[in-house]
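Could you have a look at this structure, given as structure tokens, before my questions?
Bear in mind that the values here come from a model prediction, so they are computed numbers and not experimental data. The figures that follow rest on heavy atoms only: side chains count, while hydrogens, waters and symmetry mates do not.
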Amino acid sequence: MIASLTLSTGAFPGGAPKHSTTARATLGPAAIRFGRSIGSPTEGHLLGGMHLDETAYVRIMPADAAGDVRWGLEPLVSMVDRAARTVRRQFPDTITSVGHLSREGGGEVERHRSHESGRDADIGFFVRNASGRQILGSRFVPFRANGAAVGWPGAYFDDAKNWALIAAMLNDPEARVTHVFVAAPLRARLLAHAEHAGVPATLRVRAAEVMQQPRGALPHDDHFHIRIACPAHMGGCVENPMLRARSAPMMHAMVAAGRRGPAPYGPGVSPTSRSPLPPLAPAHAPADARQNQSRDETPAPPASMAVPVDDVDG
């Protein structure tokens, strides 16, 4: 089945009116089913996207709920839903927190240089307390290399659940993940957890390839930024984004202000130093392991993209 649609590249809901030319798009079966990603993540639009709805196992991060930036290609939205269900099966009652995807129709999204064409999603880290129970914040929370949250006492990066999410997305039967932007120390934690858990080497190598801390951008120490590949035979979908320069003063201001603004964990709580600390022993570890956290650890290899990437803030 083939369908022809007439569309204006400046008329997508929520999209910036970069130009107002009219084009005639011919959609094949894959585009009819999936929607269509037009252009790249940094210069693109979304036609016929799918909406990500809240469920018992998926919630929208409160700080990112305004504006309904929850649209994407069907493979992306379905992958996020499937991965969240997989994590919940492994860890009952777990809830996955999702931030921005794309606008309906795509186009520019405030505080992002990408997320324009329906192939990007921000997913919050799973956070646990000292006893291992999930705790939920109102916005994305940065984490130190030792797994402790910045400015949120008693909150820790949940290695097991975060790895389960990554594994589920990499094993997804429909979408192919090309990038998982995440800070290098957290990447190292996840790969170490996978090795300790006996995950097959093929999956660990795949995870090591896609999980990267981008250069020329914020480190992604407060959330995963997931990007999927263009679906096969989707004409007009541009795989690799073009870089768009961000001025140095703007970058410095964003870093100083913080990506999401003040910490959400309660009044009077301020972020603390992000100096590297030894890895935090998990809540279920033997007591002697937790008591010996000061021992030296072998550092993980550097983890960064070979070239600067498009996304400065997730």
* Measure across Val98 and Leu52 and return the closest heavy-atom pair with its distance rounded to 0.1 Å. =>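 Closest pair (atom of Val98, atom of Leu52, distance): CG1-CD2, 3.6 Å.
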* Drop me the distance from His193's NE2 to Trp163's CH2, to the nearest 0.5 angstrom. =>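 The NE2 atom of His193 sits 8.5 Å away from the CH2 atom of Trp163.
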* Within the distance-only criterion (no hydrogens, no angle test), does the side chain of Arg88 pair as donor or acceptor with the backbone N or O of Ala56 below 3.5 angstrom? ->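 Answer holds: yes.
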* Asked: What's the shortest heavy-atom distance between Gly154 and Ile135, and which atoms?
  ->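 Minimum heavy-atom contact is O-CD1, 4.2 Å.
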* Side-chain donor or acceptor of Arg119 paired with backbone N/O of Ile228 under 3.5 Å -> yes
* Do the side chains of Val58 and Phe91 join up, straight or via other hydrophobic residues, at under 4.5 Å, putting them in one cluster? -> yes
* Structure fact -> When rounded to the nearest 0.5 Å, the distance separating CD1 of Ile226 from CD1 of Ile166 is 5.0 Å
* Asked: Would you say Ser114 and Thr42 make side-chain contact, with heavy atoms under 4.5 Å?
  ->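 Yes, close enough: below the 4.5 Å cut-off.
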* Stepwise side chain to side chain contact (heavy atoms under 4.5 Å, CB included) check, Val80 with Ile123 -> CA-CA 9 Å; Val80 171; Ile123 302 181; 4.2 Å; yes
* **side chain to side chain contact (heavy atoms under 4.5 Å, CB included) between Glu174 and Arg82, intermediate numbers included** => CA-CA 10 Å; Glu174 183 176 340; Arg82 282 189 292 269; 3.4 Å; yes
* **Sidechain-backbone polar pair: Glu74 side chain, Met50 backbone, donor-acceptor under 3.5 Å** =>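 Such a contact is absent between Glu74 side chain and Met50 backbone.
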* To do: Run the numbers on His112 and Asp120 for side chain to side chain contact (heavy atoms under 4.5 Å, CB included), then give the verdict.
  => CA-CA 11 Å; His112 298 279; Asp120 296 271; over 6 Å; no
* Salt bridge flag under 4.0 Å for residues Glu239 and Arg227 ->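 No, this pair does not count.
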* To do: Determine yes or no for a side-chain-to-main-chain donor-acceptor pair under 3.5 angstrom, with Arg204 supplying the side chain and Val199 the backbone.
  => yes
* Asked: Got a second to check how far Ser97's OG is from Arg139's CZ, nearest 0.5 Å?
  ->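 It comes to 13.0 Å.
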* Atom pair SG (Cys230) and CD1 (Ile38), whose distance is rounded to the nearest 0.5 Å ->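 The distance works out to 11.5 Å.
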* Shared hydrophobic cluster, Leu76 / Val69 (ILVMFWY, side-chain heavy atoms < 4.5 Å) -> no
* To do: Quick one: closest heavy-atom pair of Val180 and Phe224, and the distance?
  => CG1-CD2, 3.7 Å
* Short question: side chain of Arg103, backbone of Glu108 - any donor-acceptor pair under 3.5 Å? -> yes
* Asked: Is there side-chain contact between Met234 and Arg36, with heavy atoms separated by less than 4.5 Å?
  -> yes
* Check whether any side-chain heavy atom of Asp122 sits under 4.5 Å from a side-chain heavy atom of His115, and report yes or no. =>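 They are in contact (side-chain heavy atoms under 4.5 Å apart), so the answer is yes.
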* To do: Would you name the heavy atoms of Ser102 and Ser117 that are closest together and state the gap between them?
  => OG-N, 4.0 Å
* Can you tell me how far the CG atom of Leu170 sits from the CE atom of Met79, to the nearest 0.5 Å? ->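 Answer rounded to 0.5 Å: 9.0 Å.
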* Asked: Would a 4.5 Å heavy-atom cut-off, applied to side chains only, mark Leu190 and Arg187 as touching?
  -> no
* So which heavy atom on His100 is nearest to which on Val109, and how close? ->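 Reported closest heavy-atom pair: ND1-CG1, 4.1 Å.
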* Asked: Quick one: do Trp152 and Leu136 end up in the same hydrophobic cluster if we chain Ile, Leu, Val, Met, Phe, Trp and Tyr together by side-chain heavy atoms under 4.5 Å apart?
  ->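 No, because Trp152 and Leu136 fall into different hydrophobic clusters, even though each may have its own neighbours under 4.5 Å.
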* So, Tyr57 and Asp81: side-chain donor and acceptor under 3.5 Å apart, yes or no? ->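 Note: Tyr57 and Asp81 side chains meet the donor-acceptor criterion.
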* To do: Could you tell me whether the side chain of Asp158 reaches within less than 4.5 Å of the side chain of Gln134, counting heavy atoms only?
  =>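 No, too far: nothing below the 4.5 Å cut-off.
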* Distance in Å, Phe181 CZ paired with Gln212 CD, rounded so as to fall on 0.5 Å steps ->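 Between Phe181 CZ and Gln212 CD, I get 9.0 Å after rounding to 0.5 Å.
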* To do: Measure across His220 and Pro214 and return the closest heavy-atom pair with its distance rounded to 0.1 Å.
  => ND1-CG, 3.7 Å
* **Within-4.5 Å side-chain heavy-atom neighbours: Phe126 and Thr96** =>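 A side-chain contact exists here, since the closest heavy-atom pair is under 4.5 Å.
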